[in-house]
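As structure tokens, the structure follows; a few thoughts come after it.
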Protein chains: 2
Amino acid sequence: MVRVTITQVAAHAGVSVASASRALNGRVASAKTVAKVQHAAQELGYVADAAAQSLKRGRTNQLAYAVADIGNPVHVEMMTEIERVVSASGYRLVMSSMGTSSSSVDVVRELGRGYVDGMILSPQRVTDELLEVLAKTPVPVVVLGRLPAGAGLDTVPADSFTAMHLVVEHLVAEGRADIAFVNGPADTTPGAFGHDGFAAAAAAAHPALTVRSLEAENFTITAGYAAARRVLHEDRRPDAIVAANDLIGIGALRAAEDLGLAIPEDLTVTGVDNTELADVIRPGLTSVDLGARERGRLAAELLLARITEPERAVHTAAVPPALVVRGSSRAHTSNPAHAFDHNNGRAG
Amino acid sequence: MVRVTITQVAAHAGVSVASASRALNGRVASAKTVAKVQHAAQELGYVADAAAQSLKRGRTNQLAYAVADIGNPVHVEMMTEIERVVSASGYRLVMSSMGTSSSSVDVVRELGRGYVDGMILSPQRVTDELLEVLAKTPVPVVVLGRLPAGAGLDTVPADSFTAMHLVVEHLVAEGRADIAFVNGPADTTPGAFGHDGFAAAAAAAHPALTVRSLEAENFTITAGYAAARRVLHEDRRPDAIVAANDLIGIGALRAAEDLGLAIPEDLTVTGVDNTELADVIRPGLTSVDLGARERGRLAAELLLARITEPERAVHTAAVPPALVVRGSSRAHTSNPAHAFDHNNGRAG
DNA sequence: GTGAAAGCGCTAACAA
DNA sequence: TTGTTAGCGCTTTCAC
């Protein structure tokens, strides 16, 4: 229970602390010294103090994945992939949630104080204050999401425009004419880009399309349920609901069900993220895969590259979205919805 | 991008580093000094280095929640609650995953090196090696789950026995006679206790009950699907599947669906954890609520208490499980399954 | 109320 | 190969 220091190990082994340090870290040392020191360390249960080591070395060997919307399962996918990549380079990964008990700004500032050597961020809202903190954070940062041009940070944005194009084209192809876009809060980054993407896609696809937008209170199932219920009660009921993410989409599915609507006959519902949830819900939720795993991998690689070479040019990595059609819309393409798709809608 | 130290702040303010430190930390200092130092710190964008501060103070103000089965949404619930409690006491919480890229033992050892002042663990497997590391970890540990007697650690076990009793009694009451228990891997802690709990409950409820057990490869939907499919193909098909957690249960639901079974007429399925998933799936999954939020809260409180008072007696906090009946079983109790229950099956 | 100095535990120069 | 020494950035005695 009590901490043992390298000084005690050195004393126990009968060598200097310098020799102990060298022996422990695999630097030059005689075989005899190494044996003695390792034996002493083992016996005493020595583990190097992280704070002292970090202070001296100037790095922690730790990276952080900071995520605002921790309830969204897509972040687990990303985290798993990020961890795979960074642990191969000898880093440990910790996950921090932003926004529940502390603001993104606080979390970034805290982590930047020297807890980690770098971080990957999935922010909900990109405020000027956040950008400012990001700019002066002493450790490398990669943002999973879109940033204002000129932010000077490595980013792996989601391609909302293409995503929304895919969805709208799909809906038009199956004959939908009155589409409701159920967004998350518009003042969030995914919210804003989702909206713009949807508006552009709708205008491009078919100028005569009837569209409306509304906001769910947040990106959750419950909020999606409430928002969908509202729009489905309007005089002119839409024949398609485009949800800003899968959770909202699932809420919409439940709302439609409660109102006795047949899906996809009366109403099509689509989501975004292509999470396992979309695959497991009934009817299956047609969803755009934004490439979570791939984007997680890219973010991790960008971060590692910047740690290695801090002055390299700013990079932006793009991943093409892909529509995965399931039972919540009509399967009129060559992409069939499987009864239970173990590959989560992606080719194995 | 470059780190600014307290020395620079002191110089910029025209005071000694000692005065700068005092001013920054609210110790005795004249109003004039405080003003000068704060201004300098602001201007230079100073933030205290975490490693140096931790080394000097002997604590990090950081706690960790280390979880093996990160794909299980129940851990997000726990984490949210843990964070709420510890942040109220001024701690930051980080989440670490164990087992994907590194073993539990490694994670505990690493975190115990001084990265955090304490940790809460949700281990998948409790090996002797893990117990050994836990015993000599220099920071307080609370385990969310059951430990061998005499481990000498604060724990918040799940009451699997009562949970399984509730399930079995429910199944017997609705007339089921042939129950298959679909466990996760038996060499995991939840697996072992789930099995024992089920066996005891089955024996107690009705000695003549036909029961069988099988193992899913892990605690996931996909593994649950595969395992359920296996048992449903056996000559004598069970009329109830008791899944060790909700994910396995959902997999079982899908398997039954693929085989054309009517639920709950042909087959009852139950889960454990009462996650939001159980509520949102169709049919709704009857599930035992193990009190994730409450248990998270208790674990956090136990940890804070032990940090404050390291020598206090070892505590074990229990939370009574509660059965939440939904559409995957017959509603024969007074606890109705709602079409969409915003309270996630619990009273508001 | 303030500054000089010691030291947290560790690693890395530098000498020997 | 080894020991001595300095110092990472910070807080905290201890004199003044």
Side-chain angles (χ1 to χ4, degrees), chain A residues 2-38 40-41 44-62 90 109-117 138-139, chain B residues 2-38 40-41 44-62 90 109-117 138-139:
Chain A
V2 68
R3 243 177 228 300
V4 25
T5 72
I6 198 171
T7 311
Q8 300 172 41
V9 173
H12 198 268
V15 300
S16 70
V17 285
S19 289
S21 173
R22 281 187 294 251
L24 257 10
N25 291 300
R27 330 286 294 209
V28 281
S30 70
K32 210 174 95 196
T33 302
V34 171
K36 279 192 298 187
V37 171
Q38 282 185 341
L44 269 43
Y46 169 78
V47 275
D49 180 78
Q53 211 168 40
S54 298
L55 178 59
K56 184 64 194 171
R57 297 211 239 227
R59 58 199 178 72
T60 62
N61 271 335
Q62 196 170 231
R109 217 197 306 261
E110 276 294 307
L111 288 175
R113 274 179 51 188
Y115 284 112
V116 296
D117 298 337
V139 300
Chain B
V2 69
R3 242 176 229 300
V4 25
T5 72
I6 199 172
T7 311
Q8 300 171 40
V9 174
H12 197 268
V15 300
S16 70
V17 286
S19 291
S21 173
R22 282 187 292 250
L24 258 9
N25 291 301
R27 329 287 293 209
V28 280
S30 70
K32 212 175 91 193
T33 302
V34 171
K36 279 192 300 185
V37 171
Q38 281 185 343
L44 268 44
Y46 170 78
V47 275
D49 181 78
Q53 213 168 38
S54 299
L55 177 58
K56 187 65 196 173
R57 295 204 226 210
R59 55 197 181 75
T60 62
N61 271 334
Q62 196 171 232
R109 216 196 308 261
E110 276 294 306
L111 289 175
R113 275 180 49 188
Y115 283 114
V116 297
D117 298 338
V139 300

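In what follows, chains are A, B, ... by sequence order, proteins preceding strands, each numbered from 1. Just so it is clear, the values below take in all heavy atoms, side chains as well, and ignore hydrogens, waters and symmetry mates. Source: prediction; values computed, not measured.
- Residues satisfying the side chain to side chain contact (heavy atoms under 4.5 Å, CB included) test with E110(A), not counting sequence neighbours, are R113(A), Y115(A), R92(B).
- To the nearest 0.5 Å, the span separating OG on S54(B) from CD on Q62(B) amounts to 8.0 Å.
- The outermost nucleotides of DNA chain C lying under 4.0 Å from heavy atoms of chain A, listed 5' to 3', are dG9(C) to dA13(C).
- Smallest separation of non-hydrogen atoms from R3(A) and P138(B): NH1-CG, 3.7 Å.
- When rounded to the nearest whole Å, the span between CZ of R57(A) and P of dG9(D) equals 16 Å.
- Summarising the geometry, the separation between CZ on R59(A) and C1' on dG9(D) is reported as 18 Å, rounded to the nearest angstrom.
- Atom-to-atom, CD1 of I6(B) to P of dT12(D) comes out at 11 Å; the value is rounded to the nearest Å.
- The distance from atom CZ of R57(A) to atom CG of D117(A), rounded to the nearest 0.5 Å, is 11.0 Å.
- Computed from coordinates, the N61(B) CG to dT11(D) P distance equals 12 Å when rounded to whole Å.
- Per the geometry, CG belonging to D49(B) stands 18 Å off P belonging to dG7(D), to the nearest Å.
- From S16(A), atom OG reaches atom CZ of R22(A) across 6.0 Å, with rounding to the nearest 0.5 Å.
- Among the heavy atoms of the strands, none lies under 4.0 Å from A51(B).
- Residues passing the side chain to side chain contact (heavy atoms under 4.5 Å, CB included) test with A41(A) are V9(A), L24(A), Y46(A), sequence neighbours excluded.
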Pair assignment for DNA chain C - dot-bracket with | for other-strand partners, Watson-Crick or G-U under 3.5 Å: ||||||||||||||||
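- When the side chain to side chain contact (heavy atoms under 4.5 Å, CB included) test is applied to A13(B), the partners found at least two apart in sequence or on another chain are V15(B), K36(B), V37(B), A40(B).
- Annotation: the span from T33(B) atom OG1 to Q38(B) atom CD amounts to 11.0 Å, rounded to 0.5 Å.
- For the atom pair CD1 (I6(A)) and CG (L44(A)), the distance works out to 12.0 Å, reported to the nearest 0.5 Å.
- Where L55(B) and K32(B) meet DNA chain C, the nucleotide closest to each residue was compared, and K32(B) sits on the side nearer the 5' end.
- The stretch residues 18-31 of chain A touches DNA chain D through A18(A), S19(A), R22(A), A29(A), S30(A), each having a heavy atom under 4.0 angstrom from the strand.
- Comparing atom distances between the T33(A) side chain and each of dT11(D), dC8(D), dT2(D) picks out dT2(D) as nearest.
- The nearest pair of heavy atoms linking G114(B) to A50(A) is C-CB, 3.9 Å.
- No donor-acceptor distance shorter than 3.5 angstrom exists from the side chain of N25(A) to the backbone of R27(A), with no hydrogens or angles considered.
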